[in-house]
Number of protein chains: 2
Amino acid sequence: MKTKENYLKAMYMIVQEGKSISLSLLSEKMGVSIPTANSMVKRLDDMGLVKYRKYKPLELTPKGKKAAGRILRKHRIAEMYLVEQLGFSWEEVHDIAEEIEHIPSEKLFDKMDEALGFPETDPHGSPIPDKNGNMSSTCYAKLADMESGQTVRLCAIHKSDAPLLKFLNQKELKLGTIIKILHIEPFDKSMTVSYDDFSEVVLSNDVCVRLLVEVC
Amino acid sequence: MKTKENYLKAMYMIVQEGKSISLSLLSEKMGVSIPTANSMVKRLDDMGLVKYRKYKPLELTPKGKKAAGRILRKHRIAEMYLVEQLGFSWEEVHDIAEEIEHIPSEKLFDKMDEALGFPETDPHGSPIPDKNGNMSSTCYAKLADMESGQTVRLCAIHKSDAPLLKFLNQKELKLGTIIKILHIEPFDKSMTVSYDDFSEVVLSNDVCVRLLVEVC
DNA sequence: TTGAATGATTAGATTAAGCAAATATATAAA
DNA sequence: TTTATATATTTGCTTAATCTAATCATTCAA
Ligand SMILES: [Mn+2]
Ligand SMILES: [Mn+2]
Ligand SMILES: [Mn+2]
Ligand SMILES: [Mn+2]
């Protein structure tokens with residue numbers, strides 16, 4: 001079941017990113033060849049989790065969407081648990097959660113959820129779906145789209161991966177940090193910002209497009 | 001790797017029980033057919049984890065023994081963590097630990113171990129191997145082998161399974177309980193014992209052979 | 001409207017993990 | 001010593017998940 005769960009989750013997240021699910025994109029996200037993904041989606045179709053028609057974009061069925069949402073819930077609860085209860089840093093937890101999410105015990109995740117006080121987001125600010133796999137759609141803005149002079153709160157990291165998260169550690173930027181935009185360089189759209197004890201930090205546009213914020 | 005790890009652990013535990021590793025016993029413990037176990041041990045031999053010679057009893061190599069001990073360590077740390085930190089009951093944790101033990105993160109188990117204060121045993125009193133897979137050999141006596149009038153401490157459960165553990169819950173017998181043997185029925189070797197607030201509890205021999213105790 | 005280019009599909013093979021049926025070996029009983 | 005029994009092995013087949021190479025379909029640009 002583990003492999004199929006990972007395919008479903010990948011498809012779910014492609015939809016979340018607003019893209020349509022093609023075999024090439026799916027195979028790329030899954031790190032397998034296109035024929036491999038092709039034969040897998042046929043099997044998922046047989047199981048009623050995916051709608052597959054030759055040469056048409058793939059779709060998750062309601063059943064598939066629900067299954068994927070529940071895996072994502074387990075993944076994000078696990079990540080939060082690893083950070084909050086076991087003292088892991090936010091860049092260390094994804095790979096471990098990638099395994100934990102496949103443990104077939106509802107109760108394990110209920111217990112972790114309870115120990116955490118039923119958090120709404122994972123350590124990277126992404127929302128945790130409910131027990132039915134439904135996820136609330138948060139609509140944060142990108143820091144990159146803000147204007148000079150605005151003050152914002154860092155709420156989530158888009159496509160959080162270890163290199164970005166380590167970079168943010170180094171800059172002491174964490175969720176909840178209040179950031180003031182001092183200047184935007186027109187040439188490369190890099191931003192000079194201040195926050196906490198830092199009075200002049202320059203952030204490239206590559207970074208700013210991945211910092212999701214809320215005006216405050 | 002998961003399947004192979006389960007085979008190694010099963011072989012390790014057969015040795016612990018003082019038996020020689022036959023394909024029929026191994027296949028029974030693994031819940032697979034004998035030919036399946038046969039082809040698996042050949043592959044484990046290729047990997048240098050098992051010594052396989054046709055028609056001879058199977059052996060774990062030092063490498064195989066170490067690998068098995070390390071999985072057992074992960075299993076028992078996980079069980080202890082589930083009971084102590086997440087509030088599971090001792091009869092619920094085995095199946096979950098059976099999955100957690102295969103997560104390939106040393107650090108996860110180090111963190112759990114640390115949170116627990118480096119326990120020496122799992123929730124059923126079985127010793128936790130060290131990081132090199134070496135397990136201390138505890139030599140408790142069976143309650144069934146004790147004599148009338150003796151007072152003992154319940155230290156571990158032999159072959160702890162959910163039905164036995166639930167029975168012990170019902171009798172409020174837990175590790176550490178001090179038990180006084182009041183009478184042994186010669187006919188069926190059942191014991192009448194007292195402990196805590198219970199002044200006359202009868203335990204069948206089936207139960208007594210699985211309660212490991214220390215005279216105190 | 002006809003090609004490329006891109007993307008999807010099929011065909012054929014591999015490896016891990018499993019099974020049942022048939023056969024072979026070892027051992028203990030006669 | 002022979003035979004019966006238990007155990008082990010081989011053979012041949014299955015399914016899940018993967019690959020490469022070859023072919024097919026769709027679409028967009030000329
Ligand atoms: Mn993650
Ligand atoms: Mn996963
Ligand atoms: Mn166990
Ligand atoms: Mn296991």
Side-chain angles (χ1 to χ4, degrees), chain A residues 1-12 14-15 17-61 63-64 67-68 71 98-99 101-104, chain B residues 1-12 14-15 17-61 63-64 67-68 71 98-99 101-104:
Chain A
M1 198 73 270
K2 180 170 157 179
T3 309
K4 293 199 177 71
E5 288 177 345
N6 285 334
Y7 274 91
L8 290 176
K9 191 155 58 80
M11 295 177 80
Y12 188 91
I14 288 170
V15 175
E17 287 169 26
K19 290 177 236 169
S20 103
I21 313 170
S22 67
L23 279 169
S24 54
L25 186 52
L26 180 59
S27 69
E28 188 217 303
K29 299 244 179 208
M30 287 301 298
V32 300
S33 69
I34 292 174
T36 297
N38 185 278
S39 69
M40 179 56 82
V41 296
K42 285 178 181 176
R43 267 178 284 157
L44 291 169
D45 179 279
D46 290 341
M47 298 170 73
L49 296 162
V50 162
K51 191 157 92 186
Y52 169 77
R53 292 151 307 162
K54 282 190 187 182
Y55 299 106
K56 295 267 150 49
L58 296 160
E59 284 172 54
L60 283 169
T61 64
K63 193 176 156 195
I71 303 297
E98 201 57 54
E99 302 300 321
E101 68 187 357
H102 305 293
I103 296 175
Chain B
M1 199 72 267
K2 181 170 156 178
T3 308
K4 293 197 178 73
E5 288 178 346
N6 285 334
Y7 274 91
L8 289 177
K9 191 153 60 78
M11 295 176 80
Y12 188 92
I14 288 170
V15 174
E17 287 167 27
K19 289 175 236 170
S20 103
I21 312 170
S22 68
L23 279 170
S24 56
L25 186 52
L26 180 58
S27 69
E28 188 218 303
K29 298 244 179 209
M30 287 301 298
V32 299
S33 69
I34 293 173
T36 296
N38 184 278
S39 69
M40 180 57 81
V41 297
K42 285 178 181 178
R43 267 178 284 157
L44 292 170
D45 178 280
D46 290 341
M47 297 170 74
L49 295 162
V50 161
K51 191 156 93 187
Y52 169 77
R53 291 152 308 163
K54 282 190 188 181
Y55 298 106
K56 294 269 151 44
L58 295 160
E59 285 173 53
L60 284 169
T61 64
K63 194 177 155 194
I71 303 297
E98 202 56 56
E99 301 300 321
E101 68 187 357
H102 305 292
I103 296 174

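Remember, it's a predicted structure, so these values are computed and weren't measured experimentally. Sequence lines set the chain letters: A, B, ... in the order given, protein chains first and strands last, and positions in each chain run from 1.
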### Query
More 5' along DNA chain D: A:K54 or A:M30, using each one's nearest nucleotide?
A:M30
### Task
Tell me which nucleotide among D:dT10, C:dT10, D:dT18 gets nearest to the side chain of A:V32.
D:dT18
#### Entry: Non-hydrogen atoms of A:L26 and A:V41 that approach each other most closely
CD2-CG1, 3.7 Å
### Task
Would you mind telling me which of C:dT9, C:dG18, D:dT7 lies closest to the side-chain atoms of B:Y7?
C:dG18
#### Entry: Separation of atom CD1 in B:I34 from atom P in C:dC19, rounded to whole Å
11 Å
#### Entry: Length of the line joining B:L44:CG and C:dG18:C1', which is rounded to integer Å
15 Å
### Query
Between C:dA21, C:dG18, D:dA16, which nucleotide has the shortest distance from any of its atoms to the side chain of A:K4?
D:dA16
### Summary
Quick note, B:S22 side chain, CB onward, closest among D:dA8, C:dT10, C:dC19 is D:dA8
#### Entry: Nearest non-hydrogen partners of B:E59 and B:I21, listed with the distance
CA-CD1, 4.4 Å
## Note on the structure
B:T3 has its side chain closest, among C:dG18, C:dG7, D:dA16, to C:dG18
### Message
Tell me the closest heavy-atom pair linking B:T61 and B:K51, and the distance in Å.
### Response
CG2-N, 4.0 Å
### Task
Assign A:K2 to base, sugar-phosphate, or nothing according to its heavy-atom contacts below 4.0 angstrom with the strands shown.
nothing
### Salt-bridge contact A:K2-B:E99 (side-chain N to carboxylate O under 4.0 Å)
no
### Message
For A:A37 versus A:V32, what's the shortest heavy-atom pair and its separation?
### Response
N-CG2, 4.1 Å
### Query
For the pair made of OH in A:Y55 and P in D:dT23, what is the distance, rounded to whole Å?
14 Å
### Query
Quick one: is C:dA17 close enough that its OP1 or OP2 comes under 4.0 Å of any side-chain N or O from B:T36?
no
### Summary
Between NZ of B:K56 and P of C:dA26 the distance, given in whole Å, is 7 Å
### Query
Under 4.0 Å: is that the gap between some side-chain N or O of B:S39 and OP1 or OP2 of C:dA17?
no
#### Entry: Nearest-Å distance for atom pair CG/P, residues B:L23 and D:dT10
11 Å
#### Entry: Nearest-angstrom distance from the residue atom CE of B:M1 to P of C:dT15
17 Å
## Note on the structure
Rounded to whole Å, the CG-P distance (A:L58 to C:dT9) equals 8 Å
### Query
Where the side chain of A:R43 is defined as all heavy atoms beyond and including C-beta, which of D:dT10, C:dA17, D:dT18 is the nearest nucleotide?
D:dT18
### Query
Taking CG from B:N38 and P from C:dG18, how many angstroms apart are they, rounded to a whole number?
13 Å
